[in-house]
Amino acid sequence: MRPVGFIGLGVMGQPMALNLARADVPLVVWNRTPARCDPLVAAGADRAPTCAAVFEHCPVVLMMLYDEAATDAVLERGTGEFARRVRDRTVVSLGTMSPRYSAQLAHDIEVAGGSYVESPVSGSRGPAEAGELVAMLAGPPDGRELVRPLVEPLCSLVVDCGTVPAALTTKLAVNVFLIAMVTGLAEAFAFAERHGVDPRLLQTIIDAGPMSSAVSRAKADKLVRGDLTVQAAIADVRKNAELITGAARERGAPSPLLEVCRALYTRAEELGFGDADMAAVVEAMRDSGSIT
């Protein structure tokens, strides 16, 4: 099997790459912060000296990057190096970005002689570590067929969404529900706190009731214990809310809940909780200067 490249070993990317290494996929890894590669090297992956070296040695390159700017930087998009980097390569984006951007990137890579597949994932660090993410695939049929066995070791389910940018549009729809649900849960705890309700009592009732889910149980536990260790960061959720509201405006679709959520996560970030778990949105609700 030819080596597979993996670029971007952050909160999500590192455990995802580790699961690939444990599935005996030969990996060549690179990260802007070199120390993030160390656990992968210990698991048998090769550390690339440069980002360019990943593309030189790997016909398929998976990227778990924060945003469009990071993606453009890794690909050197807009420079003469871009075509050399992606020609005869299958470039796979695992991150969440604008569907419009992804469609433009797919076109540019195709023109340069490469292939592009988007495969955003649903889930946070816990499911990433457990190999229980849900992946959405979009791209040309042969690209989807090539990439599917590479994302299967990371996931409990892989869903074929068709052509780009259908996977990212679907991912944003999933995130509408996720963000609204967790924000509503945080508001319930903020309401209970202001009225003197025991948060452990509220947790017990929610966990036992019909609204309970793996996400609600995990976030309720964080809210009760004041544990803001990151699974999905406030800054990432704010970015996702902005992607959703931006995509909604492009189509004239209403997004009233996500507009409020965007403001709340922005406020939580302003309060210094950008790197904390999304449950820290409760701090925006506790703040007297927040959205009312």
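Checking side-chain atoms of K171 against main-chain N and O of V121 turns up a donor-acceptor pair under 3.5 Å. Checking side-chain atoms of R262 against main-chain N and O of A241 turns up no donor-acceptor pair under 3.5 Å. The backbone N or O of G162 sits less than 3.5 Å from a side-chain atom of R144, completing a donor-acceptor pair. A side-chain donor-acceptor contact under 3.5 Å links T79 to the backbone of E81. Under the 3.5 Å distance criterion, the side-chain polar atoms of R36 are matched with a main-chain donor or acceptor of L9.
Side-chain contact, S102 with E118: a donor N or O sits under 3.5 Å from an acceptor N or O. With hydrogens and angles left out, the side-chain atoms of S115 and R89 include no donor and acceptor closer than 3.5 Å.
To the nearest 0.5 Å, the span separating CZ on R267 from CD1 on I234 amounts to 12.5 Å. Between the NE2 atom of H57 and the CG atom of D46 there is a distance of 9.5 Å, given to the nearest 0.5 Å. The CD atom of E250 sits 6.0 Å away from atom OG of S98, with the distance rounded to the nearest 0.5 Å.
Residue pairs that meet the side-chain hydrogen bond (donor to acceptor under 3.5 Å, both in side chains) test with at least one member in residues 175-189, sequence neighbours left out, are N175-N240, T183-Y265.
Of the options K219, R125, K222, a side chain to side chain donor-acceptor pair (under 3.5 Å) to D277 is made by K219 and by none of the others.
E68 pairs by the salt bridge (charged side-chain N to carboxylate O under 4.0 Å, His left out) definition with nothing, not counting sequence neighbours. Every residue two or more places apart in sequence or in another chain that forms a salt bridge (charged side-chain N to carboxylate O under 4.0 Å, His left out) with D198 is listed here: R200. For F177, there are no ring pair (Phe, Tyr, Trp, His ring centres under 6.0 Å) partners, not counting sequence neighbours. Applying the salt bridge (charged side-chain N to carboxylate O under 4.0 Å, His left out) criterion to E242, with sequence neighbours excluded, gives R238.
At least one side-chain heavy atom of V92 sits less than 4.5 Å from a side-chain heavy atom of V60.
Annotation for Y101: hydrophobic cluster partners, listed by chain and number, are I7, V28, W30, V54, F55, V61, M63, L65, V74, L75, F82, V86, V91, M97, L105, I109, Y116, V164, L168 (ILVMFWY side-chain heavy atoms under 4.5 Å, direct or chained).
Atom CG of D38 has more than 12 neighbouring heavy atoms from other residues, nucleotides or ligands inside a 6.0 Å radius. Within 6.0 Å of CZ on R148 lie more than 12 heavy atoms contributed by other residues, nucleotides or ligands. By the 6.0 Å contact criterion, CZ on R32 is open, its count of non-hydrogen atoms from other residues, nucleotides or ligands being 12 or less.
Contact detail for A186 and V281: the closest heavy-atom pair is CB-CG1, 3.6 Å. In terms of heavy atoms, T245 sits closest to S255 at CG2-OG, 3.8 Å.
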Under the salt bridge (charged side-chain N to carboxylate O under 4.0 Å, His left out) rule, what do R217 and D221 come out as? Steps first, then yes or no, please.
-> CA-CA 6 Å; R217 290 190 295 274; D221 187 59; over 6 Å; no
Walk me through it: do K239 and D67 pass the test salt bridge (charged side-chain N to carboxylate O under 4.0 Å, His left out)?
-> CA-CA 9 Å; K239 183 198 79 170; D67 59 12; over 6 Å; no
